[in-house]
Each structure stands twice: as structure tokens, then as C-alpha cells.
Number of protein chains: 2
Amino acid sequence: MQLELSVDRGSPVPLYFQLAQQLEAAIEHGRLTPGSLLGNEIELAGRLGLSRPTVRQAIQSLVDKGLLVRRRGVGTQVVHSQVKRPLELSSLYDDLESAGQRPATKVLVNTVVPASAEIAAALGVAEAGEVHRIERLRLAHGEPIAYLCNYLPPGLLDLDTGQLEATGLYRLMRAAGITLHSARQTIGARAAGAVEAERLGEETGAPLLTMERVTFDDTGRAVEFGTHIYRPGRYSFEFQLLVRP
Amino acid sequence: MQLELSVDRGSPVPLYFQLAQQLEAAIEHGRLTPGSLLGNEIELAGRLGLSRPTVRQAIQSLVDKGLLVRRRGVGTQVVHSQVKRPLELSSLYDDLESAGQRPATKVLVNTVVPASAEIAAALGVAEAGEVHRIERLRLAHGEPIAYLCNYLPPGLLDLDTGQLEATGLYRLMRAAGITLHSARQTIGARAAGAVEAERLGEETGAPLLTMERVTFDDTGRAVEFGTHIYRPGRYSFEFQLLVRP
DNA sequence: GAGTGGTCTAGACCACTGC
DNA sequence: CAGTGGTCTAGACCACTCT
């Protein structure tokens with residue numbers, strides 16, 4: 001296991017993070033093969049001129065990502081399985097883009113409406129208070145993929161139709177300084193009604209994949225409530241889960 | 001913020017874990033209210049007779065769970081939102097049971113078959129090599145909920161039909177000493193074929209929710225490949241996601 | 001028994017936030 | 001400016017695994 005590792009103490013990047021990046025890259029590029037032992041922490045610390053807690057912090061971050069497994073009395077091993085990307089709070093737009101699908105968005109509605117009881121409860125605003133409502137058709141290669149209906153609390157974000165057509169909602173939120181923290185999602189299926197079928201280019205009664213989501217920022221505010229429907233032949237939810245240790 | 005905290009140095013439970021448990025319980029029971037500041041780490045360490053790194057480890061574990069948020073220069077706050085259970089590698093059986101749904105299982109098939117190309121690839125075994133195949137109908141309150149088809153590599157587990165009818169597959173695996181590590185899942189939808197429709201008590205062409213999954217243990221072995229179909233009126237996937245920091 | 005990770009200490013300096 | 005979390009050190013002892 002002759003792995004070249006080094007840290008730059010002049011860098012503003014934390015030492016443990018530099019080490020974690022190098023180890024991750026080594027795993028990614030096959031220089032650290034699955035099942036191989038990483039070598040003990042003390043020796044690694046000595047070789048790099050770091051303290052053991054710092055090395056441990058680097059290793060722990062990769063254990064949390066599911067790339068390494070520690071066994072007391074044995075050592076730290078590279079996981080065999082093909083962990084690619086653990087589940088993230090994903091943006092459909094980004095998913096499509098990174099899959100090379102050339103996403104496009106058609107904004108159908110961008111307005112302010114009074115909140116229904118359900119929406120008020122989800123967003124934690126007063127019933128009949130104003131909320132933003134946006135409806136979008138998401139396309140890939142010109143074909144409709146999904147119909148997205150979202151509600152946002154007032155005053156959170158400037159919802160410019162041009163921006164909504166150029167990128168995803170989550171990216172706009174992050175750009176506005178909102179720190180996304182968690183989301184509650186429900187994924188189901190149902191038959192298409194006549195209107196949705198027509199919008200998505202499906203037959204009435206065709207199966208649709210549905211997703212309902214409330215997203216919270218790091219202060220606990222609900223920042224978005226959405227009900228989305230997807231054409232199941234064109235999209236499915238795919239993700240990697242890690243067992244919480 | 002007069003919170004009673006104490007640690008037992010005689011206990012085999014790690015100190016950071018004791019502290020984390022007490023803080024979590026305090027949040028759970030409302031003694032630490034959402035948005036309240038936790039008090040700085042140095043003071044907390046002094047009050048408990050612990051070192052700061054130990055206190056930080058406790059706090060960090062709750063940050064990882066999504067219960068706390070740290071802000072540099074500000075402090076550590078209890079998150080407002082209703083984080084209940086973050087996404088786990090869930091067992092349908094356990095989900096139904098904890099929802100009070102009285103799950104039952106009817107084992108339809110429990111046999112050994114040669115692996116098809118797809119199954120061999122998913123499980124990492126030789127094509128046409130032997131694999132276990134089990135087909136189960138999962139019921140709640142006597143109503144069919146899902147049809148589960150699973151493949152397991154040979155020699156991993158004794159698949160006793162009686163046990164399969166009494167509990168879930170994951171629970172049997174854990175009981176056999178298998179440490180589940182990660183899973184790759186795909187959730188989609190499609191129309192019911194005639195056979196599946198009849199098994200689940202739906203009409204042909206009715207929408208079905210589908211899930212395909214490969215589960216890995218901590219050595220990286222694939223331990224299970226499954227294709228499941230669910231009645232969308234009776235079941236949906238619901239989970240809380242945390243944004244990876 | 002030798003070697004591993006798991007836990008813990010008592011300090012230190014820095015970067016960021018808010019007043 | 002004071003106060004916070006973020007990072008880092010150089011040790012220590014313990015629990016577990018393997019031979």
C-alpha cells in the first residue's frame with residue numbers, strides 16, 4: 001500500500017479534509033482497492049506529520065460516506081460495493097442535467113394565491129394567507145418528463161419566470177442564501193386524470209409516479225411544498241442508502 | 001436553560017454517548033425547545049466535568065442526526081422542524097408493524113433456481129449458478145399490500161418458510177449475523193399485468209408502485225436482490241431526508 | 001501478546017458572528 | 001470587541017480481534 005499522501009499546511013483547507021479528499025480520490029481511481037487495509041492510524045499520522053485525532057477525523061468522514069469500514073482489532077478497509085452517490089436532497093433539474101438529458105422548463109403558472117388548509121399546514125403559514133404558486137412542466141430532449149406544482153411562503157424568494165425556466169428551484173434557493181436542511185417526502189403512484197394525461201402526453205388512466213415534499217431550511221422554516229407527478233417510463237427515483245450505524 | 005445533565009463514569013456507555021442521549025431526550029420531551037441555544041461547549045464541558053472534544057463529539061452526533069444546527073459565532077441551536085426518523089434501510093414488515101398494521105406474510109415460493117444474467121450481475125454470482133428465490137405476498141389486516149420477489153446468494157441464510165411468514169427478511173438477516181451496510185434502490189411505477197393484478201386484488205392496467213433493490217453487507221457482498229410491487233392505494237414510501245453538509 | 005480502533009484529556013490558535 | 005464554533009496537538013488508557 002504505497003500511497004502518496006501529503007498535506008499542505010499553508011492551505012486554508014483543513015488538514016483532515018485534505019487527507020479525506022486524497023483518500024477518496026485514491027479509492028475512486030482504484031489506487032486503494034476494495035478490501036484493502038488502510039494501515040493503522042498512528043503510522044498514518046506519523047507519516048503525514050499529523051496527530052492521530054486529525055487522521056481519525058479524515059477517516060471518519062469517509063466512513064460516514066460509506067466508503068470505508070472500521071473494525072476494531074482488524075483495521076480500516078475500503079468497502080467492496082459500488083457506493084456511488086448516497087441519497088441527497090436532489091433536484092430533478094440537476095439530476096437530469098448530470099445525466100446528460102438537457103432539461104428544460106416551461107413555467108405554466110407563477111402567481112400568488114391564498115393558501116389552502118393543506119398548504120398552510122405544510123408551510124406553517126396562516127390559512128388563506130398569501131403564498132407563491134408555481135406550476136412547471138419539466139422536459140428532457142423536448143419530451144415532457146414531469147409536472148411540478150410548488151408553493152412557497154411569501155417574501156422568501158423572488159420568483160422570476162425567466163430564472164425558473166433557466167434552472168431548478170433548489171438552485172435558486174441556495175443562490176438566495178437559503179440553507180436547505182431536510183425534507184419530508186412521500187413517493188407513490190396513481191392513475192392519470194384527463195388533464196394531467198394530456199399535459200404529459202400520456203393516456204388517461206396511465207400510471208403516474210407521484211412525489212410530495214416539504215423542504216425545511218436550517219432554521220426549521222418550511223421553505224417549499226410541492227406535489228410532483230412523473231411519467232414512469234421516463235423517470236424513476238434511484239438512490240443509494242446507507243444504514244445508520 | 002437549566003437542564004439537568006450528568007454522566008456516569010462507571011458506566012460502560014461512552015461519556016459522549018451518555019450526553020448525546022440526554023440531550024436527545026431533552027429535545028424529545030420539550031425540555032430543550034426548538035430554536036433555543038445549547039450554551040457554549042466550554043461551559044458545558046466544565047459543568048459536566050468533561051473535556052471539550054468529548055462534548056463536541058456528543059453534539060456532533062446530534063447534528064448528524066439533524067436535531068441540532070451549529071453556527072460559528074452564534075452557537076448551537078435546536079432545530080425547529082419536525083425531524084422524526086431520517087431515512088433508514090427500512091423493512092416493509094417493520095414499517096407496517098410499527099404503524100400498527102398487523103403485517104402477515106404468505107410465502108408463495110421458496111426454492112433454489114439458476115441465476116439469470118440480471119440476477120447474477122446484481123448479486124455478483126456466476127450466471128446460472130444457484131440462488132435462492134422467494135416470493136411472498138405481504139398483507140396488512142388481511143388485505144394484500146405488496147408482492148415481494150427476492151433472490152439471495154447461496155449459503156448465506158437458512159430460509160425457513162415458517163420464519164419467513166413470521167417476520168421480515170431483514171430481521172432474519174440481522175439475526176444471522178449479517179451487518180447490513182447499504183442498498184441501491186429504484187422506485188418507479190407501471191401498469192399491472194393480469195397475473196400481478198389478480199394476486200394483489202387490483203384490475204389489470206391499474207397503477208402499481210415498484211421498487212427494485214440490491215442490498216450489501218459491510219464486506220461489500222450483495223446479500224439480496226429484490227423486485228417488489230406495491231398497491232399504491234395501500235402503501236407509499238415516506239421518509240425524511242437530511243441534506244449532506 | 002501484539003496490534004487495531006474506541007474513547008478521553010487539557011490544552012492551543014484561528015475564523016466567523018454580532019454588538 | 002467578546003464570544004462562538006472549527007481545527008489541531010500529543011499524549012493516555014481501554015476493548016476488541018487475531019494468532
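What you are looking at is a predicted structure, and each value in this text was computed from that prediction instead of being measured.
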**Message:** Output one letter per nucleotide in nucleotides 14-19 of chain D: B when a protein non-hydrogen atom lies under 4.0 Å from the base, S when only the sugar-phosphate is that close, - when neither is.
**Reply:** -BBB--
**NZ/NE/NH1/NH2 to OD/OE distance under 4.0 Å, A:Glu212 and A:Arg184** =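 Here A:Glu212 does not pair with A:Arg184 in a salt bridge, since their nearest N and O are not under 4.0 Å apart.
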**Request:** Using a strict 4.0 Å threshold on nitrogen-to-oxygen distance, state whether A:Lys65 and A:Glu24 make a salt bridge.
**Result:**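 Salt bridge between A:Lys65 and A:Glu24, a charged N being under 4.0 Å from a carboxylate O: yes.
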Side-chain donor-acceptor pair under 3.5 Å between [X] and [Y], yes or no?
X: B:Thr161; Y: B:Asn110; value: yes
X: A:Thr215; Y: A:Tyr170; value: yes
X: A:Asn150; Y: A:His132; value: no
X: A:Thr76; Y: A:Arg70; value: no

**Prompt:** Of all heavy-atom pairs between B:Arg138 and B:Thr167, which one has the smallest distance, and what is that distance?
**Reply:**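 Here B:Arg138 and B:Thr167 meet closest at NH2-O, 4.4 Å.
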**Polar side-chain atom of B:Glu130 near backbone of B:Val112 as donor-acceptor pair, under 3.5 Å** =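 No, because the side chain of B:Glu130 does not come within donor-acceptor range (under 3.5 Å) of the backbone of B:Val112.
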Dump the pairs, protein N or O against N or O of nucleotides 8-12 of chain C, anything under 3.5 Å, distances to one decimal.
{"residue": "C:dC8", "atom": "OP1", "partner": "B:Leu15", "partner atom": "N", "Å": "2.3"}
{"residue": "C:dC8", "atom": "OP2", "partner": "B:Leu15", "partner atom": "N", "Å": "3.4"}
{"residue": "C:dC8", "atom": "OP2", "partner": "B:Tyr16", "partner atom": "N", "Å": "3.2"}
{"residue": "C:dT9", "atom": "OP1", "partner": "B:Arg9", "partner atom": "NH2", "Å": "2.7"}
{"residue": "C:dT9", "atom": "OP2", "partner": "B:Ser51", "partner atom": "N", "Å": "3.0"}
{"residue": "C:dT9", "atom": "OP2", "partner": "B:Ser51", "partner atom": "OG", "Å": "2.8"}
{"residue": "C:dT9", "atom": "OP2", "partner": "B:Thr54", "partner atom": "OG1", "Å": "2.6"}
{"residue": "C:dA12", "atom": "N6", "partner": "B:Arg52", "partner atom": "NH1", "Å": "3.2"}

Nearest-Å distance for atom pair [atom1]/[atom2], residues [X] and [N]:
X: A:Glu43; N: C:dG5; atom1: CD; atom2: C1'; answer: 15 Å
X: A:Gln60; N: D:dT7; atom1: CD; atom2: P; answer: 14 Å
X: A:Leu62; N: C:dG5; atom1: CG; atom2: P; answer: 14 Å
X: B:Gln77; N: C:dG18; atom1: CD; atom2: C1'; answer: 13 Å
X: A:Leu44; N: C:dG5; atom1: CG; atom2: C1'; answer: 13 Å
X: B:Arg56; N: C:dT7; atom1: CZ; atom2: P; answer: 17 Å
X: A:Leu68; N: C:dG5; atom1: CG; atom2: P; answer: 11 Å
X: B:Leu37; N: D:dG3; atom1: CG; atom2: P; answer: 15 Å

**Item:** side-chain N/O A:Asn40 vs C:dT4 OP1/OP2, d < 4.0 Å
**Value:**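 Answer yes for this pair, as a side-chain N or O of A:Asn40 is under 4.0 Å from OP1 or OP2.
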**Message:** Below the 4.0 Å mark, does C:dG6 have OP1 or OP2 next to a side-chain nitrogen or oxygen of A:Arg70?
**Reply:**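 A:Arg70 to C:dG6 OP1/OP2: side-chain N or O found under 4.0 Å.
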**Message:** If you count heavy atoms of other groups shown closer than 6.0 angstrom to CD of A:Gln21, is the number above 12?
**Reply:**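 Counting other residues, nucleotides and ligands, CD of A:Gln21 exceeds 12 neighbours.
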